[in-house]
2 protein chains.
Amino acid sequence: VSSAELRVLPVEGLPEIEQGDRLGELIAIRMDLEQGDVVVVSQKVVSKAEGRVVQVSEVKPSERAQELAAELGKDPAVVQLVLDESREVIRAERGVLICETRQGLVCANAGVDTSNVPRGSASLLPLDPDVSARQIRAQLMGSNGKAVAVVVSDSFGRAWRLGQCEVAVGCAGLRPMDDWRGRADAGGGKLTATAIAIADEAAAAADLVRDKASGVPAAIVRGLERQVTEDDGPGAASLRRPRAEDLFR
Amino acid sequence: VSSAELRVLPVEGLPEIEQGDRLGELIAIRMDLEQGDVVVVSQKVVSKAEGRVVQVSEVKPSERAQELAAELGKDPAVVQLVLDESREVIRAERGVLICETRQGLVCANAGVDTSNVPRGSASLLPLDPDVSARQIRAQLMGSNGKAVAVVVSDSFGRAWRLGQCEVAVGCAGLRPMDDWRGRADAGGGKLTATAIAIADEAAAAADLVRDKASGVPAAIVRGLERQVTEDDGPGAASLRRPRAEDLFR
């Protein structure tokens with residue numbers, strides 16, 4: 001087996017997460033973490049730990065939310081939550097709401113999600129998923145003293161592809177992008193456009209050991225230590241395409 | 001270690017690939033493949049094996065290619081190749097050409113790439129990457145008799161995120177999408193919008209053990225056997241969003 005091997009290990013046996021839970025500590029006591037591990041945690045449990053779950057029945061939909069909901073065939077209160085979480089609605093058609101969230105992420109329903117939360121409630125994205133990642137990292141490193149990285153991940157749809165892929169909405173201690181632009185390729189030629197979104201690929205890899213129904217909300221990606229940094233780094237915010245470079249809104 | 005663990009192993013020691021090479025056989029003799037392995041092969045070597053590499057100097061740019069090249073600061077002959085590979089140019093601005101390829105993929109430069117090929121040449125996408133995946137799969141299974149799957153992968157940019165992620169442009173023997181819509185979540189609620197692009201996530205996981213300069217053009221994803229099928233299946237074509245459902249062109 002090559003030393004360059006990567007392993008992805010599910011974090012099993014986590015309890016149902018509640019507001020105030022310290023996810024990093026709960027993970028650290030269940031996993032034998034190694035230096036350079038990347039701990040990928042699902043947004044859903046981060047939001048639960050941070051109290052970012054709301055009762056849909058307590059939301060009063062505005063007129064705009066009611067109109068949009070009627071147009072799209074959605075629950076007006078859920079649409080109100082989406083609007084509250086959005087800086088901008090980018091598309092609202094064919095039953096789909098694509099928004100830029102207050103965090104600057106472009107995704108469906110501004111990250112508002114009614115699955116895997118108690119019936120009648122909805123989860124919202126963490127207020128700042130990079131801060132969430134830093135806090136979980138501090139808990140993990142406080143618990144075991146090893147330099148690990150953290151990714152907070154969520155499933156995003158894609159403009160031109162069906163299905164969703166897990167991406168990094170937050171990260172800490174991981175180089176989010178491996179930028180090869182200007183470096184040499186295998187033949188000594190120049191790589192012109194290769195900047196790999198490592199944090200997103202780590203989120204995707206972690207998703208492969210999870211089962212959407214099994215309640216495995218975290219996984220360890222082992223073998224990426226060359227991308228793990230001492231400081232928290234720029235976070236997943238650095239993977240958001242600036243509006244000025246966006247050709248698609 | 002959990003039985004649900006995933007491993008990603010680089011395929012090392014492959015020779016420089018030339019037209020006519022049988023990639024499946026070259027991989028099979030280097031790796032001890034197991035039943036249910038997913039073999040992810042970079043588009044670049046598939047294109048080389050299939051002779052989809054052209055000399056840029058032999059391309060005669062049309063007037064339209066010359067105009068576009070001047071506007072975008074690109075090589076007119078490369079732009080001609082991009083146009084030849086495209087069904088439609090979706091965006092041509094700020095130095096970027098986003099196209100729908102003849103294969104129905106939406107990506108930068110219609111997949112035409114001048115890195116990791118001999119200087120002065122460019123690689124084009126395989127004519128039908130799902131067919132490529134089926135051929136490589138047949139070679140692998142002919143060599144070792146084990147049921148494995150194949151993904152042909154390429155790096156794609158994303159509309160709203162920086163950096164590229166590896167996606168499946170072709171696949172065979174792998175369920176490309178794990179569709180949870182209508183199934184129950186962990187709390188017994190209904191999952192409304194979860195369909196996971198397994199083939200894309202497998203491509204992304206494989207990319208994490210590759211080094212863009214090292215010439216490791218393939219990797220094995222082990223632990224996804226539940227997604228590996230007896231027949232070749234619908235291929236990665238089933239992950240292309242149909243034009244009628246596309247909100248972004």
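These numbers come from a predicted model, not from an experiment. Order of the sequence lines fixes the chain letters, A, B, ..., with proteins taken first and strands second; residue numbering starts at 1 for each chain.
Nearest heavy atoms, A:Arg210 versus B:Arg226: O-NH2, 4.3 Å. Between A:Cys165 and B:Asp200, the shortest heavy-atom distance links the atoms SG-CB, 3.6 Å. Closest heavy-atom contact between A:Pro10 and B:Ala4: CG-CB, 3.9 Å.
In terms of the side-chain hydrogen bond (donor to acceptor under 3.5 Å, both in side chains) criterion, A:Ser42 has no residue partners (sequence neighbours excluded). For the side-chain hydrogen bond (donor to acceptor under 3.5 Å, both in side chains) test, no residue two or more places apart in sequence or in another chain qualifies with A:Asp21. For the side-chain hydrogen bond (donor to acceptor under 3.5 Å, both in side chains) test, residues two or more places apart in sequence or in another chain that qualify with B:Thr101 are B:Gln103.
Counting only distance, with no hydrogens or angles, the side chain of B:Arg241 and the backbone of A:Arg158 share a donor-acceptor pair below 3.5 Å. Judged by distance alone, with hydrogens and angles left aside, the side-chain atoms of A:Glu201 form a donor-acceptor pair with the main-chain N or O of B:Glu166 at under 3.5 Å.
Annotation: the span from B:Arg7 atom CZ to A:Arg222 atom CZ amounts to 12.5 Å, rounded to 0.5 Å.
Residues A:Thr194 and B:Gln164 are in side-chain contact: their nearest non-hydrogen atoms beyond the backbone lie under 4.5 Å apart.
For the set A:Asp179, A:Asn109, A:Val167, the entry with the most heavy-atom pairs within less than 4.5 Å of chain B is A:Val167. For the set A:Ala159, A:Ala205, A:Ala203, the entry with the most heavy-atom pairs within less than 4.5 Å of chain B is A:Ala159. Taking chain B as the reference chain and counting heavy-atom pairs below 4.5 Å, the highest number among A:Ala236, A:Pro118, A:Cys107, A:Ala244 is found for A:Ala244. Annotation: maximal heavy-atom pairing with chain A below 4.5 Å, among B:Val221, B:Asp178, B:Leu247, occurs at B:Leu247. By number of non-hydrogen pairs under 4.5 angstrom with chain A, the leading residue of B:Asp246, B:Leu208, B:Ile198 is B:Leu208.
Heavy atoms closer than 4.5 Å to chain A are found nowhere in B:Ile220, neither backbone nor side chain. Contact annotation for A:Glu245: both backbone and side-chain heavy atoms come within less than 4.5 Å of a heavy atom of chain B. The part of A:Ile98 that comes within reach of chain B is its side chain, from C-beta onward, which places non-hydrogen atoms under 4.5 angstrom from that chain. Of the two parts of B:Leu224, only the side chain, counted from C-beta on, holds a non-hydrogen atom closer than 4.5 Å to a non-hydrogen atom of chain A.
Along residues 87-96 of chain A, the residues that come nearer than 4.5 angstrom to chain B, judged on non-hydrogen atoms, are A:Ile90, A:Arg91, A:Glu93, A:Arg94, A:Val96 in order of number.
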Test side chain to side chain contact (heavy atoms under 4.5 Å, CB included) applied to A:Met177 and B:Leu162, step by step: CA-CA 8 Å; A:Met177 183 133 72; B:Leu162 296 175; 4.2 Å; yes
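The side-chain contact (heavy atoms from CB on, under 4.5 Å) test with B:Trp160 is passed by exactly one of A:Val106, A:Leu239, A:Leu105: A:Val106.
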